[in-house]
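Notes follow once the structure below has been shown.
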Amino acid sequence: MSTPQPAPAWLAQLRAQHGAAAAPARTAPDAVNLPMIRRWCEAMGERNPLYLDEDFAQSTEYGGIVAPPAMLEVWTMGRFSGADAPTVGGLLGIAQVDAAGFTAVVATNLEQEYLRYLRPGDLVTQQVFLEEVSEEKRTALGAGHFLNYRYEFTDQDGAVVGRMRFRILKFRPAPQAEPAPVAAALKPAHPRPAITHDTAFFWEGLKEHRLLIRRCTRCQHLHHPPGPSCPQCQSSDWVAQQMSGRGIVYSYVIVHQPQLAAFGYPLPVALVELEEGIRLIANLPRVSPERVRIGMPVEVEFAEVAPGYVLYAFHERGGS
Ligand code: ZN
């Protein structure tokens, strides 16, 4: 690995295609439009009236609503699934790098450049080009190749309105093996929370195997995570109320990346809704990722992950 090897044939072939189209051109399924702008701003918490308020926007030098520049790639995105769903796997270079054994992927860089504001009615077309496939590099994730793609976005007149550079690392995944006892012993310590004056009672409660949630004594609102005042009435008077510990999985994700060495992956992370109505983020260390489902009844458990450091987690209620 330390001596430079001549580039393998597949890599030389791929590098000969630098600058080639990496996928067919894609024209946006819908022209730039107000409903998508509104929903995007809502999701992003964007409140700039230039994107949302026609009267305001008309009073500016722009003369009307424009789309947020960061929506550049949104217009040409396909459906979530189905034949026109865009996938990184369909880009030129991915299959060749996969076939050489670099099957894992992580996105490393994304830069966008905006040349003009898009307005309702503009129709965007995207073209993507393979800019560069790197030599084999050693990275913290393993040996791999960086692939650089350049996206060009043009309007209905063929004028370039924006560009995007997207860089991914395709790497050889580490073999999946049960950690040996010695490796487990060498696992880095579990990351610690930042405990503040407002949150100390929660962590102290865990040491006594009690799940404590802050209840406002003025309006009785339960709130978590704890803050300096009640989010409902701003009162700073509160008591810690012990929860039953029973609830359901309200929602969840299965985390694959990024990986922290202290955890096992794939890692189910749930948003648990307690009987008392409060929701909290939780690990499900004894629930297999395939088994997690929305609505699954769960119950709290406590684990001392380091001396004097107790964490809560949930397991399936009525399950094994
Ligand atoms: Zn309150």
Side-chain angles (χ1 to χ4, degrees), residues 35 37-53 56 68 70 189-255 260 262-263 267-287 292-319:
I37 293 174
R38 271 204 302 274
R39 301 317 294 260
W40 188 91
C41 287
E42 186 185 332
M44 294 294 172
E46 173 62 71
R47 295 189 183 136
N48 188 334
L50 185 58
Y51 310 141
L52 296 165
D53 181 339
F56 172 85
H190 206 284
R192 299 272 183 144
I195 296 177
T196 68
H197 176 74
D198 293 317
T199 62
F201 77 94
F202 180 80
W203 302 102
E204 289 302 315
L206 295 185
K207 286 186 196 172
E208 300 165 0
H209 291 195
R210 301 163 73 208
L211 189 58
L212 299 178
I213 298 291
R214 199 164 143 140
R215 177 188 283 283
C216 172
T217 49
R218 189 200 283 175
C219 77
Q220 307 306 318
H221 181 61
L222 284 167
H223 48 282
H224 186 82
S229 62
C230 171
Q232 199 107 300
C233 75
Q234 281 70 53
S235 167
S236 52
D237 298 326
W238 60 280
V239 290
Q241 179 174 327
Q242 183 170 352
M243 299 290 105
S244 68
R246 289 184 298 274
I248 57 153
V249 172
Y250 182 82
S251 186
Y252 68 94
V253 292
I254 307 293
V255 179
L260 292 177
F263 296 90
L267 175 69
V269 177
L271 182 62
V272 168
E273 184 169 275
L274 297 175
E275 286 177 342
E276 293 84 355
I278 200 84
R279 293 177 196 152
L280 64 174
I281 305 285
N283 286 128
L284 306 168
R286 296 197 281 127
V287 181
V292 187
R293 63 183 197 282
I294 289 172
M296 171 186 268
V298 290
E299 183 152 22
V300 75
E301 63 188 24
F302 301 92
E304 190 168 26
V305 296
Y309 177 36
V310 177
L311 284 182
Y312 70 94
F314 283 81
H315 62 265
E316 185 175 6
R317 189 152 34 105

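One-based numbering along the sequence shown. Read the numbers this way: they start at 1 and go in the same order the structure lists the ligands and their atoms.
Counting only distance, with no hydrogens or angles, the side chain of H223 and the backbone of H221 share a donor-acceptor pair below 3.5 Å. Side-chain N or O atoms of R214 include none that pairs as donor or acceptor with a backbone N or O of T199 at under 3.5 Å.
The aromatic rings of Y312 and F202 stand perpendicular to each other, their planes meeting at an angle above 60°, with 30° marking the opposite boundary.
Note that CD of Q220 and CD of Q232 are 11.5 Å apart. Values are rounded to the nearest 0.5 Å.
Between SG of C233 and SG of C219, the angle at the Zn ion (ligand 1) works out to 110°, rounded to 10 degrees.
The distance from the Zn ion (ligand 1) to the nearest N/O/S atom of H221 is not under 2.8 Å. Not one N/O/S atom of H223, from backbone or side chain, sits under 2.8 Å from the Zn ion (ligand 1).
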